[in-house]
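Along the sequence shown, residues carry numbers from 1.
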Amino acid sequence: MALINCSECNKEVSDKALNCPKCGNPVSKDKKENKGCLRNILLALVFFIITIALLTQFPNKESEDRSVDHSEILAFNYAMDCVKSQLKSPSSAKFANSNEKKQSVTYNGSGVYVVRSWVESQNSFGAMLRSNFECTVKFDGTKVSCESVIVY
């Protein structure tokens, strides 16, 4: 704890005090502290910029292997069509929401995606039932095919 002079009444005040006890004037902090804070902010900004530059310079291998045409959402949407063809009432089918879609798709390389998720649909009696499914979707150039569909 150090004593500093109040800028208003010139009385000695603790540097930890918020206001001068005599006149109530806010105690001004040393200008060196402000420079230290600014220096820390600038260092953090420089570190952030360098990190971004390095990440964009060295993309991960997974993103290099994938073509722009192959995406998890496209694979899931194609799998939905394949699964609907297996259902008693395809018009009643309800699939996972968009947050779950991307998490339920696995890329196996060479344009092959495996989709594991769930579907709710009406059975023969009209009751809504939830079933799990697994579908293998293959992208080959402009062709898309459903290698296998299992609804269980």
Side-chain angles (χ1 to χ4, degrees), residues 1-84 87 90-122 127-142 144 146 149-152:
M1 179 175 89
L3 294 176
I4 58 173
N5 290 331
C6 174
S7 59
E8 190 69 28
C9 67
N10 210 25
K11 180 182 181 199
E12 286 187 337
V13 181
S14 169
D15 64 343
K16 305 289 183 196
L18 297 175
N19 296 328
C20 174
K22 183 176 179 187
C23 66
N25 187 42
V27 175
S28 62
K29 299 292 180 191
D30 192 10
K31 291 182 181 177
K32 289 181 183 176
E33 290 182 34
N34 292 338
K35 287 182 183 177
C37 183
L38 180 61
R39 184 182 65 221
N40 290 340
I41 291 172
L42 288 175
L43 284 173
L45 183 62
V46 168
F47 178 74
F48 178 75
I49 291 171
I50 290 172
T51 303
I52 295 298
L54 289 174
L55 288 175
T56 57
Q57 184 178 3
F58 302 109
N60 61 14
K61 183 167 176 27
E62 184 179 332
S63 65
E64 290 176 2
D65 289 344
R66 294 184 186 193
S67 171
V68 175
D69 296 334
H70 303 164
S71 75
E72 289 88 357
I73 300 300
L74 285 174
F76 192 94
N77 289 341
Y78 194 77
M80 285 178 12
D81 292 337
C82 296
V83 170
K84 281 183 183 180
L87 300 176
S91 62
S92 68
K94 293 181 182 169
F95 291 89
N97 63 32
S98 59
N99 292 333
E100 292 177 285
K101 283 182 182 181
K102 196 167 186 176
Q103 296 173 351
S104 62
V105 179
T106 305
Y107 183 65
N108 286 351
S110 301
V112 177
Y113 292 85
V114 177
V115 180
R116 291 180 188 94
S117 189
W118 56 267
V119 59
E120 288 181 353
S121 65
Q122 291 180 346
M128 290 294 282
L129 297 178
R130 180 176 280 200
S131 302
N132 294 319
F133 69 86
E134 182 175 316
C135 182
T136 304
V137 178
K138 183 175 183 179
F139 290 90
D140 187 18
T142 58
V144 181
C146 191
V149 179
I150 303 170
V151 180
Y152 52 95

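- Residues Trp118 and Phe95 have side chains not in contact (no heavy-atom distance under 4.5 Å, counting atoms from C-beta outward).
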Let's go through Lys138 and Thr136 carefully: what are the C-alpha distance in whole Å and the side-chain angles of both, what is the deciding distance for side-chain contact (heavy atoms from CB on, under 4.5 Å) to 0.1 Å, and is it a yes or a no? CA-CA 7 Å; Lys138 183 175 183 179; Thr136 304; 5.9 Å; no

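- To the nearest 0.5 Å, the span separating CZ on Phe139 from OH on Tyr107 amounts to 10.0 Å.
- The line from CD of Glu100 to CZ of Phe76 is 8.0 Å long, rounded to the nearest 0.5 Å.
- A donor-acceptor contact shorter than 3.5 Å is absent between the side chain of Ser110 and the backbone of Val112.
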Between Ile4 and Val27, is a side-chain contact (heavy atoms from CB on, under 4.5 Å) present by the stated rule, with each step listed? CA-CA 9 Å; Ile4 58 173; Val27 175; 3.3 Å; yes

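- Expressed to the nearest 0.5 Å, how far NZ of Lys11 lies from SG of Cys20 amounts to 6.5 Å.
- Side chains of Ser117 and Asn132: a donor-acceptor N/O pair is absent below 3.5 angstrom, by distance only.
- Atom CD1 of Ile150 is separated from atom SG of Cys82 by 12.5 Å, given to the nearest 0.5 angstrom.
- Here Phe133 contributes atom CZ and Leu87 contributes atom CG; the two are 9.5 Å apart, rounded to the nearest 0.5 Å.
- Atom CD1 of residue Ile52 and atom CD1 of residue Ile50 lie 11.5 Å apart, to the nearest 0.5 angstrom.
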Start with the C-alpha distance between Tyr78 and Tyr113, add both sets of side-chain angles, then the distance that settles ring-ring contact (aromatic ring centres under 6.0 Å, His included), and finish with yes or no. CA-CA 11 Å; Tyr78 194 77; Tyr113 292 85; over 10 Å; no

Evaluate the criterion side-chain contact (heavy atoms from CB on, under 4.5 Å) for residue pair Arg116 and Gln103; output intermediate values, then yes/no. CA-CA 9 Å; Arg116 291 180 188 94; Gln103 296 173 351; over 6 Å; no

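- Ser131 contributes no side-chain N or O that, together with a main-chain N or O of Val151, makes up a donor-acceptor pair within less than 3.5 Å.
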